[in-house]
**Student:** 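Quick one: this structure, given as structure tokens, is what I'll be asking you about.
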Amino acid sequence: MEGGKPTLPLVYQAVQALYHDPDPAGKERASVWLGELQRSMYAWEISDQLLQLKQDVESCYFAAQTMKMKIQTSFYELPPETHTALRDSLLSHIQNLKDLSPIIVTQLALAIADLALQMASWKGCVQTLIEKYGNDVSSMPFLIEILTVLPEEVHSRSLRIGANRRTEIIEDLAYYSTTVVTLLVTCAEKSGHDEKMLIKVFRCLGSWFNLGVLDNNFMANNQLLMILFQVLQRDETSTNLHEAASDCVCSALYAIENVAVHMPLAMQLFQGVLSLETAYHMAVAREDLDKVLNYCRIFTELCETFLEMTVRTPGLGMGDLRILELLLICAGHPQYEVVEISFNFWYRLGEHLYKMNDPALHRVFKPYIQRLLHSLARHCHTYCFFPEDTDDFGEFRMRVSDLVKDVIFLVGSMECFSQLYSTLKEGNPPWEVTEAVLFIMASIAKSIDPENNPTLTEVLEQIVLLPETVHLAVRYTSIELVGEMSEVIDRNPCMLDPVLNFLMKGLREKPLASVAAKAIHNICSVCRDHMAQHFQGLLNIARLLDSFALSTDAAVGLLKGTALVLARLPLEKIAECLNDLCAVQVMALRKLLAQDSSSGKSSDPTVWLDRLAVIFRHTNPIVENGQTHPCQKVIQEIWPVLSETLNAHQNDNRIVERCCRCLRFAVRCVGKGSASLLQPLVTQMVSVYQVYPHSCFLYLGSILVDEYGMEEGCRQGLLDMLQALCMPTFQLLEQPNGLRNHPDTVDDLFRLVTRFVQRSPVTLVNSSIIVHIIQCAIASTTLDHRDANCSVMKFIRDLIHTGVTNDHEDDFEVRKRLIGQVMGQHGQQLVTQLINTCCFCLPPYTLPDVAEVLWEIMVFDRPTFCRWLETALKGLPKETAGGALTVTHKQLTDFHKQVTRSDFLFC
């Protein structure tokens, strides 16, 4: 921190500004300054002093939070001889500040827990804490808080304590777990009417359940389990206590998911949860929704835990189907939020039964699914309908639709569809029931075989005859159903005209326009050949697109459908029709370019660029070798407008991205037919990128390399493009935190160079830029951004692979020699970096990609790789800052053997 150690009054002044300065700029300055302080070495001493002063809640909270953060991220700054003093100081602070504020106690408890996990010399920390504070009633709240957060922090990503230390800690906590539970029992029994203490006890117990270290037999007969269920059974239990008890039971159920090895505890929990049915009904009677939701969470967790037993031995032992009855009781609750809690279980049940594919088993569960579907249809009744509503209820209906699709196979799609249709055909239900039934029918329509199905045809015939006087919601959902029945229309082309007339009526009405457009899009996608005769009608709609009240997505969808049909027209007609389809968009872009910027009118071209992009993307006619692509001339004529638009908005990343996206699909549309655009496009890209390094230019460059990289005459030009784009890119990424601040640039850069490796590896590896690219790649391996890291690893893997695979190309020996030179220069650095990033930087989901890179290196040169790996492993730290052993010599040796043994394969 510049200027040396700040004074306490100055720090206090900054904290006050952070919380109380009325000027947002003042708050921001204070936040930045305090952030710098937290990252400095002075933070340790200043935090300790602020906690000793105990001046006010804000300064103590800042100090406690800082202490926790420093222990989590900068513990290595402290010499080992200070660790004991830090522990004693923290324990003193939490005792002195226990009555100031609960949030301060929590921050200090986290600091103590994180210290205990890293400080190897603090043996038996649980026992030490309980002995020191367990008999002091006033210390009990913060003691339980420490014991709550301690198990939670064991798997914290903020603490890189290593697998050995983590195993040692878990074994230690398991050893003392009965001591902790005994303490919690004593607290619960002595709590009397102290609800806050009981909540703390349940939270703490849940935390230990989550860690999975509680003894199965000890807990099965423990008094605390009885207290838990007594609290949940009592009608007078408060909302907060009820929630804490529910959370604890859910944690316990999750902890015993492997039921077979937790049988005694599983039986107690099973019976305990079944006993809550009466309490659930009482909560329903009292209209206590919070408690109802808690009970449903518990019932759902019970079903999730015993799912395997329920499926394998339905009706026997703990495969007792009464647990499904509990969920169906919840499904009967009038509030849809209740049944929604159980959705994940029903998904999983459907998945299990589908995989087992046992008709006898399907018959057992069919009645339960039928009752579930009945309840879901009722919950989908809408009484205040606003089409395309994206509120919570609209999202609930979408989740219902997904669930119905996943479980309908148990009932039979056709059987269910016919039954639903019968309720409409034979009765005269109110509009809200009709709409809900149509909604469920729309969910399952696609899963029915449309071949020679008179019921489906009859439904379609009836829907298109609906008068315009029926309720708007019924018309809306009827249009949705028609869109889902595109396969039926394709098998019955005689229905196409009446269906399109029906949908056109909806398109002209504001509330129905977007859903009608979506239905037309679906029909165009499925019935392309039949729709070819209606292309002129589609073109007319496209010309008048903005006269309809369409959402952006619906308008783009209509153009997509039109483009799909366009691609099925005779080749000689496509150019003229594509020109007509693009004309509205091109005219609008020209108008924006001619518009005076001072006029105050919007000059945003993204709507038109997106529409052109979707047209280019989906106009994919079948063109034989030697034929000129019918779209080539149109795209060449549109290029000047796109180029001008790009120039006009070159400083706006959002618009430039849309321009590049549009150009990307234009190039993909005509492939090699875009050759005349290559030079002007690359020139413009490079020119703008020097001033405004938008990463989308790198991505567009990768598309050009993909299309033209194998053309001998284009390779040098593309390499020149790459070198010109790389220079500003490296400057950007070499800034402080450049990689972390620009992950999209990293992602797109390595997509570009990977395309080069795939299309023209010798051109790239022979160039002077390759050294800089590899150095950038090695530095970027530490980046924990999913897409960027994936692109970096793919580049390195594909680069090395070009020297491994003999694909009978003439240049294999050249490639092998060039990759050998690259590896000789960078191999050791690369392997060391990969091993270190796996240990200290990257999340687990990235490790398979790293493994594939290491595999390619080993396949390329196994003996050298073995040496590089050995050197990298020897360089790993053997101890943590807290003195814990991170890795033994035997573990390193075993790892080396596993990786390098001849039959080892990365999975």
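From a predicted model like this one, the values you see are computed outputs, not experimental measurements.
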**Student:** Of all residues at least two apart in sequence or in a different chain, which pass the ring pair (Phe, Tyr, Trp, His ring centres under 6.0 Å) check with His83?
**Tutor:** Phe75
**Student:** In the structure I gave you, are the side-chain heavy atoms of Val667 and Val670 within less than 4.5 Å of one another anywhere?
**Tutor:** no
**Student:** Please tell me whether Gln684 and Ser643 have a donor and an acceptor in their side chains that are separated by less than 3.5 angstrom.
**Tutor:** yes
**Student:** With distance as the sole test, does Gln118 use its side chain to make a donor-acceptor pair with the main-chain N or O of Ile71 at under 3.5 Å?
**Tutor:** yes
**Student:** Side-chain contact, heavy-atom cut-off 4.5 Å: Ser74 with Glu77?
**Tutor:** yes
**Student:** Could you walk me through whether Tyr76 and Thr880 pass side chain to side chain donor-acceptor pair (under 3.5 Å), step by step?
**Tutor:** CA-CA 8 Å; Tyr76 60 87; Thr880 65; over 6 Å; no
**Student:** Relative to each other, are the rings of His694 and Phe697 parallel, tilted or perpendicular (30° and 60° limits)?
**Tutor:** tilted
**Student:** Passes side chain to side chain contact (heavy atoms under 4.5 Å, CB included), Arg654 versus His649? Steps please.
**Tutor:** CA-CA 9 Å; Arg654 184 178 63 90; His649 299 277; over 6 Å; no
**Student:** With a 3.5 Å distance limit and no angle check, can you tell me whether Thr82 reaches the backbone of Pro79 through a side-chain donor-acceptor pair?
**Tutor:** yes
**Student:** Could you pull out all residues at least two apart from Gln775 that satisfy side chain to side chain donor-acceptor pair (under 3.5 Å)?
**Tutor:** His826, Gln829
**Student:** Does a sphere of radius 6.0 Å around NZ in Lys27 hold more than 12 heavy atoms from other residues, nucleotides or ligands, not counting ones at 6.0 Å or beyond?
**Tutor:** yes
**Student:** Kindly determine whether Val746 and Ser791 satisfy side chain to side chain contact (heavy atoms under 4.5 Å, CB included), including the steps that lead there.
**Tutor:** CA-CA 8 Å; Val746 176; Ser791 293; over 6 Å; no
**Student:** Going by distance alone, is a donor N or O of one side chain under 3.5 Å from an acceptor N or O of the other, for Thr832 and Gln828?
**Tutor:** yes
**Student:** Hydrogens and angles aside, do Asp706 and Gln758 bring a side-chain donor and acceptor to less than 3.5 Å of each other?
**Tutor:** no
**Student:** So, the side chain of Asn789 versus the backbone of His785: is there a donor-acceptor pair under 3.5 Å, distance only?
**Tutor:** no
**Student:** Are the side chains of Val705 and Ser702 in touch, meaning some heavy atoms are under 4.5 Å apart?
**Tutor:** no
**Student:** Can you tell me which residue pairs pass the ring pair (Phe, Tyr, Trp, His ring centres under 6.0 Å) test with a partner in residues 650-689, sequence neighbours excluded?
**Tutor:** none
**Student:** Any pair with a residue in residues 772-789 that passes salt bridge (charged side-chain N to carboxylate O under 4.0 Å, His left out), sequence neighbours left out, goes on the list, sorted by first then second residue, please.
**Tutor:** Arg740-Asp784
**Student:** Other residues, nucleotides and ligands only: do more than 12 of their heavy atoms fall within 6.0 Å of OH on Tyr175?
**Tutor:** no
**Student:** Is any side-chain heavy atom of Leu783 less than 4.5 Å from a side-chain heavy atom of Thr837?
**Tutor:** no
**Student:** Going by distance alone, is a donor N or O of one side chain under 3.5 Å from an acceptor N or O of the other, for Asp720 and Gln716?
**Tutor:** yes
**Student:** Check whether more than 12 heavy atoms from other residues, nucleotides or ligands sit under 6.0 Å from atom OH of Tyr254, and answer yes or no.
**Tutor:** no
**Student:** We want to know whether Ser695 and Asp744 form a side-chain donor-acceptor pair, criterion being a heavy-atom distance below 3.5 angstrom.
**Tutor:** no
**Student:** So for atom NZ, which belongs to Lys672, do other residues, nucleotides or ligands contribute more than 12 heavy atoms lying within a distance under 6.0 Å?
**Tutor:** yes
**Student:** What residues, two or more places apart in sequence or in another chain, satisfy ring pair (Phe, Tyr, Trp, His ring centres under 6.0 Å) together with Phe795?
**Tutor:** Phe750
**Student:** Going by the rule side chain to side chain donor-acceptor pair (under 3.5 Å), which residues pair with Glu856 if we only count those two or more places apart in sequence or in a different chain?
**Tutor:** His801
